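Here's the structure, in structure tokens; my notes come after.
Just follow the structure's listing: the first ligand is 1, and inside any ligand the first atom is 1. Bear in mind the structure is a predicted one, so any value in this text is a computation, not a measurement.
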Amino acid sequence: MVFSEKLLQRLKDAENVAVLTGAGVSAESGVPTFRDPGGIWEKFRPEQLANFEAFMNDPDFVWSWYQHRREIMREVKPNKGHIALAEMEQVFPKFGLITQNIDNLHFRAGSKKIIELHGNIERNFCMKCRTFYEEIDLSEKKVLKCEKCGGLIRPDVVWFGEMLPMNELRIAEESAANADVFFTIGTSAEVYPAAMLPIIAKRAGAYVVEINTKPTAISAELDEILTGKSGEILAELITVMKSTRNLK
Ligand code: OAD
Ligand code: ZN
């Protein structure tokens, strides 16, 4: 992969780097994306499962779908891309990793500060008293009730029709607006407000780079497009970043 002189110079000078990731960064780990052929929405209509009414109508069914997805996500491992992103946190004085993924793979790869816009499948909470429950046993096939109040326990993920967590969104927007270089990686950039972040960065003067296997809804508006698998490109990029900044 050839990186432009302009990108190399920007990375050399950058104080502040922000990254937005989507399902594509986990594709090389074996987690299916949403909108690619064979993706999750081809098998299940989202309105059937990932929403409040569906859960209230048949909590056991929706719960079992999430348990199934947790099973997939626990079996897979972070890939070279997740690992490179965890290393990038050490390279720049300020670094923001913003993810739309709920699969917990950035955390497992060693990233410390992660802004989770759509929640995390390993976290759950009681809908009545908001007690949190983590890393639930996969043998629990029926929806769990809260130990404290008996309320229904749901996954801490953003469902269709729900607002994004306000604090996370605010921090993400700030990171985008303050970035010298902004990467949008493995996301189709079709779901808002996440898809606004590269545009916010661009308007604020960042050099905005997309890494994706194919063009997206916003490619034409960005500064540089790196076409290919994010795991492979990020592994090369982290080596370049370290050498331009004289790090081991
Ligand atoms: P999508 O499935 O919409 O897009 C995945 C993107 O990854 C596509 O642009 C692919 O071309 C790209 N891609 C696939 N394999 C890749 C690879 N190895 N390397 C780089 N890119 C690759 O997923 P998202 O953009 O993440 O929201 O979807 C956004 C949101 O839509 C999700 O967070 C989810 C869904 O509704 C919620 O659940 C709230
Ligand atoms: Zn409770």
Shortest heavy-atom approach to atom 31 (O) of ligand 1 - which of H118, K229, E190, R35: R35
Minimum non-hydrogen distance to atom 39 (C) of ligand 1, winning option of I211, I121, T187, V158: V158
Donor-acceptor pair between E210 and T216 side chains, under 3.5 angstrom: yes
T33 neighbourhood, listing ligand 1 atoms whose heavy-atom distance to it stays under 4.0 Å: 2 (O)
Short N or O distance, S188 and ligand 1, threshold 3.5 Å exclusive: yes
Contacting atoms of ligand 1, where contact means under 4.0 angstrom from a heavy atom of E28: 17 (C), 18 (N), 19 (N)
Of the listed options G24, G228, S219, closest to atom 16 (C) of ligand 1 (non-hydrogen atoms): G24
Distance filter under 4.0 Å to V191 heavy atoms, resulting ligand 1 atoms: 29 (C), 30 (C), 31 (O)
Carboxylate-amine/guanidinium contact D223 K202, below 4.0 Å: yes
Nearest candidate to atom 23 (O) of ligand 1, where distance is taken over non-hydrogen atoms, out of A194, P215, A23: A23
With the Zn ion (ligand 2) as the apex, the SG/SG angle for C129 and C146 - to 10°: 110°
Apex the Zn ion (ligand 2) - arms SG from C126 and SG from C149 - angle rounded to 10°: 100°
Numbering as shown, the atoms of ligand 1 that approach K214 to under 4.0 Å (heavy-atom distance): 11 (O)
W63-F55 aromatic ring centre distance below 6.0 Å: no
A27 neighbourhood, listing ligand 1 atoms whose heavy-atom distance to it stays under 4.0 Å: 15 (N)
Residues, nucleotides or ligands: over 12 heavy atoms within 6.0 Å of F107 CZ: no
Stepwise side-chain contact (heavy atoms from CB on, under 4.5 Å) test for T184 and L222: CA-CA 10 Å; T184 172; L222 311 180; 3.8 Å; yes
Within-cut-off N or O pair, N212 and ligand 1, under 3.5 Å: yes
N-O pairing of R123 and E135 below 4.0 Å: no
Gap between atom CD of E190 and atom CD1 of I218 - 0.5 Å precision: 10.5 Å
4.0 Å heavy-atom contact, F160 with ligand 1: yes
Cluster overlap I136 with V76, hydrophobic side-chain contacts below 4.5 Å: yes
Salt bridge flag under 4.0 Å for residues K113 and E168: no
Greater than 12 external heavy atoms within 6.0 Å of E71's CD: yes
Heavy-atom proximity to atom 5 (C) of ligand 1, best of G22, P32, A50, G186: G186
